[in-house]
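So the structure is just underneath, and the comments pick up after that.
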2 protein chains.
Amino acid sequence: MKNLPHKTIERLSQYRRALLLCHAKGMTYIYSHEIAKIQHITAVQVRRDIMLIGYTGTLRKGYNVKELIDLIGQIIDSKEGINVCVVGIGNLGRAITNYFSGKRTKLSIVAVFDVDKGKVGKKYHGIECFDLADMTKIIKEKKIEIAIMTVPGEDAPMISDMLVKAGIIGMLNYTPKPVNVPKEVYLEEYDMITSLEKVAFFVKTH
Amino acid sequence: MKNLPHKTIERLSQYRRALLLCHAKGMTYIYSHEIAKIQHITAVQVRRDIMLIGYTGTLRKGYNVKELIDLIGQIIDSKEGINVCVVGIGNLGRAITNYFSGKRTKLSIVAVFDVDKGKVGKKYHGIECFDLADMTKIIKEKKIEIAIMTVPGEDAPMISDMLVKAGIIGMLNYTPKPVNVPKEVYLEEYDMITSLEKVAFFVKTH
DNA sequence: AGAAAAATGTTAATTATTTCACAATGTTAA
DNA sequence: TTAACATTGTGAAATAATTAACATTTTTCT
Ligand SMILES: NC(=O)c1ccc[n+]([C@@H]2O[C@H](COP(=O)([O-])OP(=O)(O)OC[C@H]3O[C@@H](n4cnc5c(N)ncnc54)[C@H](O)[C@@H]3O)[C@@H](O)[C@H]2O)c1
Ligand SMILES: NC(=O)c1ccc[n+]([C@@H]2O[C@H](COP(=O)([O-])OP(=O)(O)OC[C@H]3O[C@@H](n4cnc5c(N)ncnc54)[C@H](O)[C@@H]3O)[C@@H](O)[C@H]2O)c1
């Protein structure tokens, strides 16, 4: 299941989120146009994505919610699970830690790091905060593969280098400072100001 | 300057962010490949984006940093400035309010709203928190056009409807619950779990 | 039973975005 | 003064993503 388009991967994650809610409400089947409605996209797009992962629904009945959830899991989750850490437990780091905890069994935040001695040793949503100085050691001990960076922008390049040296293979950078990583490391960056400016621009142009 | 690709708009915002840093450091000219390096993209892409906004650099000297910053501003900022509000001043709302304040003169967070009476009346980074019950009134009074939602997911649809009725024309939804808005309202949604799952997926497939 | 309706699955067409390739031209160095 | 070089600007090609169109199948209705 290699060559899935990037956009399809994003949508599969979103479908699953929506499907989990539907499943919790007791729905057993769902139509492509119902999924589409939730995600503000077209039904064809949903069907195409589902086709790409090789699932087939039942004609006139739609897709089996539980089966689809499980299949999406097989595609996007890694079997053994992946350990994640958050670096910088300020407002954003706490929001993320809080939001993620317990949401996905295959992705667990298992450590947070900070330089602030007042934070080291404390727990955030059940996850222990370690001293930045011990980061490399803990990343190896706990087999952490993905890092989320929420430190001040000016420290991002330095922390990024440390994370790469410690063996991280995926990074999510929420600081406003783009970082450089070797090509073996998968990097995703997101900045809220860019999103807001985009909204502001398209608001003007209807 | 209508038909700029969505992706170009996002990148222009990112270029400006980078250029502002360069300008602050005293750089007066910058090459396309230098901008490209910062953003992890190709120099051609940078040149094409700049071409699309009708700016031309100086051969072998690159682009004038200040001029380019100003031109990007003319394209993506609205002349009069836009007022923004944040609904739900929890961890994420505070992180956003903190991060945005003073960053962009043309986009100002001028109010935050919450239901928690303990928060109403307090100031967050200099911005007053109002009672949700007064939201419609305040949005009109303060001419707020864009809203950022950081309330619990289950309240998102209700708050979204209220915001639309109050006259909002752009919305940034950070709750995990997709919302429906009329087509006149420009909506952007972002979920960190989707980003993290994407990283996890591509980490597996090199 | 047969016709109409409502879905899925998929090929082909379209649209959006990125990259290639290279002409044009100013700069540096011999 | 000329050759080599470095950089911009852009048409054309390539790639990626979305949408249209429709055959197919199941269900429902008459
Ligand atoms: N991407 C976005 O959309 C977005 C939104 C909000 C904030 N931000 C950025 O996220 C980062 C964090 O924002 P915040 O509001 O949580 O800030 P914050 O100041 O509340 O938190 C920063 C935390 O990092 C810690 N820290 C500082 N230096 C460190 C280091 N070298 N190593 C480890 N920890 C360190 C601090 O002790 C603090 O706990 C900032 O860079 C901010 O600009 C990004
Ligand atoms: N998109 C993302 O990546 C991301 C990341 C983290 C959190 N989240 C989501 O953002 C939201 C906020 O997260 P948080 O960590 O700040 O939560 P939080 O509980 O710290 O904050 C929620 C705030 O909203 C207020 N609130 C509750 N109901 C309200 C209502 N009806 N109207 C106005 N205010 C109301 C609460 O009083 C509180 O101040 C949640 O939906 C969470 O799932 C999203």
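Remember, it's a predicted structure, so these values are computed and weren't measured experimentally. Within every chain, numbering begins at 1; the chains are lettered A, B, ... in the order of the sequence lines, protein sequences first and strands thereafter.
Side-chain N or O atoms of A:N83 include one that pairs as donor or acceptor with a backbone N or O of A:K142 at under 3.5 Å. Side chain of B:R94 to backbone of B:I89: a donor-acceptor contact under 3.5 angstrom is found.
Distance, A:Y55 OH to C:dT8 P: 11 Å, rounded to whole Å. One atom, CZ of A:R60, and another, P of C:dA4, lie 15 Å apart when rounded to the nearest Å.
Salt-bridge annotation for A:D77 and A:R16: present, with a side-chain N of the basic residue lying under 4.0 Å from a carboxylate O of the acidic one. In this structure, A:D161 does not pair ionically with A:K165, as no charged nitrogen and carboxylate oxygen lie closer than 4.0 Å.
Protein chain B contacts DNA chain D from D:dC5 to D:dA12, reading 5' to 3' and using non-hydrogen atoms of the protein with a distance under 4.0 Å.
If you check the side chains of B:Q39 and B:Y15, you find no donor sitting under 3.5 Å from an acceptor. For the 3.5 Å distance criterion, the side chains of B:Y124 and B:S101 fail to qualify, holding no donor opposite an acceptor. Between A:D191 and B:Y99, the side chains place a donor N or O and an acceptor N or O closer than 3.5 Å (distance only, hydrogens not considered).
Computed from C1' positions of five pairs at each end, the angle between the two local axes of the helix from C:dA1-D:dT30 to C:dA30-D:dT1 equals 0°, rounded to 10 degrees.
Note on ring orientation: taking the six-membered ring where Trp is involved, the planes of A:Y55 and A:Y63 are tilted (angle from 30° to 60°).
Remark: of the listed residues A:V84, A:V86, A:I148, A:I96, A:V86 is the sole one forming a side-chain contact (heavy atoms from CB on, under 4.5 Å) with A:V112.
Heavy atoms only, all atoms of each residue included: A:T58 and A:Y29 are closest at OG1-CE2, 3.9 Å.
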Which atoms of nucleotides 10-20 of chain C (N or O only) lie under 3.5 Å from a protein N or O atom, and what are those distances?
from: C:dT11; atom 1: O4; to: A:R48; atom 2: NH2; distance (Å): 2.5
from: C:dT18; atom 1: OP1; to: B:R11; atom 2: NH1; distance (Å): 3.1
from: C:dT18; atom 1: OP2; to: B:R11; atom 2: NH1; distance (Å): 3.0
from: C:dT18; atom 1: OP2; to: B:R11; atom 2: NH2; distance (Å): 2.9
from: C:dT18; atom 1: OP2; to: B:Q45; atom 2: NE2; distance (Å): 3.0
from: C:dT19; atom 1: O4; to: B:R48; atom 2: NE; distance (Å): 3.1
from: C:dT19; atom 1: O4; to: B:R48; atom 2: NH2; distance (Å): 3.3

